[in-house]
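Structure record follows, encoded as C-alpha cells.
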Amino acid sequence: MKQYKFILSGGGTGGHIYPAVAIANELKSRYPDAAFLFVGAEDKMEMQKVPQAGYAIKGLWIAGLQRKLTLQNAMFPLKLMSSLWKSRKIIKEFKPDVVIGTGGFASGPLLQMANMLGVPTLIQEQNSFPGITNKLLSKKANKICVAYENLERFFPKEKMILTGNPVRQDLIAIDDKRAEAIEYFKLDPNKKTLLILGGSLGARRMNQLIEKELKKIQDQKVQLIWQCGKLYFEEYKQYHSENVQVLSFIERMDLVYAAADIIISRAGASSVSELCIVGKPVIFIPSPNVAEDHQTKNAKAIVDKKGAILLRETQLDAEFSLVFEALLKDSEKQKQLSENIKELALPEATKQIADEVVKLIRHK
C-alpha cells in the first residue's frame, strides 16, 4: 500500500495548533505508516508544541500585519515572498497527498503554494467569523470544514461541511471523573467550584476582575481554580490559598472540567467547542483584542441558543457581581444552560475532518 504523506499548518495560538495535531493523530491512527510534516511560523509556539506532540516541523519567516505603521509591516512583502518560496521548496521535496490548514500566519503562504502546485487542500475554520487568510484561501481550497452554521457569506457553500472543531477525546466522558477530579485538585466536595480560564498566556482583564471580586466570590462559599496564564502568574500567585488555586497552566483539562460547577472563560473557538462537550454553565467574557471581534461572535452563537451567558469587558464592573451571584443561586438556570450548550456539541469533529481528508486522497 502506498505511503500517504500529509503536511499540516496551524499556529500562533493553541487554538490553531491543537486542531492540527488532533487531525494528524486521527490520520496516523488510520494510516500508521503515513508521513507527517508540520509547517509553522518561526518563533511562534508551534515550534515547541508540535515536536512535543511527536511531529516534525519546519518554520517560515512570516508574521501578521499590525494595525499601525511599523517596521514589521514594511517587512511583510519580503517575508511573504520568502515564505512562498520556502513553501514551494517544502512541498516539492515532501510531495504531500493533501495539505491541511487550521489557521495561523504560516498556513497562508503554504496553502496558497499548494493550490498553485495542484496539491489538494483542506481548510479547517474554527471561528464563527473567519479571518482574511482563510477567506482568500477558500477560493481555491478543495474542502472547508467549519464549526459554525451560516458561513455561506464567507465561503463557497458547495465546499463547506459542518464538522465542528477537534477537541480532546478525554473530555467526552468527564461525568465519570468527578470523584477523581475532587481528589486530584484537593477540593471540598461540599463547596461549589468556579473555574476561570483566560487561556494559556492569560487574560489581563479577566485576572483584574477576579482579583477585584475574589473576596465577594469566597464569601459565597465558593472555591476557585484560577488559570491566570503564564504571563501573569508571578503577579497573582500571592492569592493562592486553601480555597483559591492559582495556576499558570492546567495539564489535566479533563479533570478540571469534571470538577467545575460554573466556568468563566474567554471565547476562543477551541474553548467554545470544548465547553459545548463539557456541558457546564458558562459565562463567556470574549477578548475584544482579536481580529474582527470573532470571540464575541463565537460566544453569541452559543448565547443566541440559550446555551451560555455573555458579558463584554465593558460590562464587567457594573454587572459581573450581579450576574454571577444570580447564576450561583439559580440551580434551574444552571441546569438549563448545561443542557442547552451540550446540544450544540459536535464530538465527532476530528473523525469527520479526517474523513474529508481521505476523500481528497481518493479523488487525486
Begin from the C-alpha positions of R205 and D317 and carry the test salt bridge (Lys or Arg N to Asp or Glu O under 4.0 Å) through to its verdict.
CA-CA 11 Å; R205 187 66 187 89; D317 289 333; 3.1 Å; yes
Quick one: are L247 and I225 in side-chain contact, heavy atoms under 4.5 Å?
yes
List in chain and number order the residues that pass side-chain hydrogen bond (donor to acceptor under 3.5 Å, both in side chains) with Q126, two or more places apart in sequence or in another chain; answer none if no residue qualifies.
H16, Q124
Hey, what do you get for OH (Y232) to CH2 (W226), rounding to the nearest 0.5 Å?
12.5 Å
Distance (rounded to the nearest 0.5 Å) between K351 NZ and I23 CD1:
14.5 Å
Once rounded to the nearest 0.5 Å, what's the spacing between atom NZ of K95 and atom CD of Q3?
12.5 Å
Qualifying residues under side-chain hydrogen bond (donor to acceptor under 3.5 Å, both in side chains), relative to N25, sequence neighbours excluded:
Y55
Quick one: are T350 and T163 in side-chain contact, heavy atoms under 4.5 Å?
no
Using a strict cut-off of less than 4.0 Å between a Lys/Arg side-chain nitrogen and an Asp/Glu carboxylate oxygen, indicate whether K49 and E46 qualify as a salt bridge.
no
How would you list, by chain and number, every residue that makes a salt bridge (Lys or Arg N to Asp or Glu O under 4.0 Å) with K135, sequence neighbours excluded?
none
Hits for side-chain hydrogen bond (donor to acceptor under 3.5 Å, both in side chains) against S87, two or more places apart or cross-chain, chain-then-number order -> none
Connected via hydrophobic side-chain network under 4.5 Å: L195 and I302:
yes
In Å, rounded to the nearest 0.5 Å, how long is the span from CD of Q227 to CE of M206?
9.0 Å
Go through the steps for L311 and F284 under the test side chain to side chain contact (heavy atoms under 4.5 Å, CB included), then give the verdict.
CA-CA 6 Å; L311 281 176; F284 284 121; over 6 Å; no
For E211, which residues count as a side-chain hydrogen bond (donor to acceptor under 3.5 Å, both in side chains) partner, sequence neighbours excluded?
Y239
A side-chain contact here means heavy atoms from C-beta on lying under 4.5 Å apart; do Q223 and L194 qualify?
no
Side chains of L224 and L214: does their closest heavy-atom pair fall under 4.5 Å?
yes
Main-chain N/O of S287 paired with Q295 side-chain donor or acceptor, under 3.5 Å:
yes
Under 4.5 Å between any side-chain heavy atoms of I283 and I263, yes or no?
no
Residues, nucleotides or ligands: over 12 heavy atoms within 6.0 Å of K5 NZ:
yes
Contact list for residues 253-273, test side chain to side chain donor-acceptor pair (under 3.5 Å), sequence neighbours left out:
N165-S273, K177-D254, R178-D261, R252-D254, Y257-E274, R266-E313
Ignoring hydrogens and geometry, is there a side-chain-to-backbone donor-acceptor pair from D330 to A326 under 3.5 Å?
no
Which value, rounded to the nearest 0.5 Å, describes the distance between K280 atom NZ and I341 atom CD1?
11.5 Å
Using side-chain heavy atoms (C-beta onward) and a distance below 4.5 Å, is L209 in contact with I285?
yes
Report yes or no: does Y31 contribute a side-chain atom to a donor-acceptor pair with the main-chain N or O of Y4 at less than 3.5 Å?
no
With sequence neighbours left out, what residues match D355 under salt bridge (Lys or Arg N to Asp or Glu O under 4.0 Å)?
R30
With sequence neighbours left out, the residues meeting ring pair (Phe, Tyr, Trp, His ring centres under 6.0 Å) with F154 are F129
Check whether any side-chain heavy atom of V244 sits under 4.5 Å from a side-chain heavy atom of Q218, and report yes or no.
yes
Would you say the side chain of Q238 lies within less than 4.5 Å of the side chain of V246, judging by non-hydrogen atoms?
no
Can you give each donor-acceptor pair under 3.5 Å made by side-chain atoms of residues 180-191, sequence neighbours left out, with the distance rounded to 0.1 Å?
from, atom 1, to, atom 2, distance (Å)
K186, NZ, E183, O, 3.3
D188, OD1, N190, N, 2.8
K191, NZ, N243, OD1, 3.1

Can you list everything that forms a salt bridge (Lys or Arg N to Asp or Glu O under 4.0 Å) with E234? Sequence neighbours excluded, please.
K237
Strictly distance-based, threshold 3.5 Å: is any side-chain N or O of N298 a donor or acceptor partner for the main-chain N or O of A267?
yes
Considering residues at least two apart in sequence or located in another chain, which fulfil the salt bridge (Lys or Arg N to Asp or Glu O under 4.0 Å) criterion with E213?
K216
Tell me the ring pair (Phe, Tyr, Trp, His ring centres under 6.0 Å) pairs involving residues 297-343, sequence neighbours left out?
F320-F324
Cluster question for you: counting only ILVMFWY and a side-chain heavy-atom cut-off of under 4.5 Å, with indirect links fine, are L171 and L344 together?
yes
Nearest 0.5 Å, what's the CD-NZ distance between E42 and K58?
12.0 Å
Please check if the side chain of S9 supplies one atom and the backbone of S107 the other of a donor-acceptor pair under 3.5 Å.
yes
May I ask you to decide if H294's main-chain N or O and N127's side chain share a donor-acceptor pair within less than 3.5 Å?
no
May I ask you to check whether S338 and Q334 show a side-chain donor-acceptor distance below 3.5 Å?
no
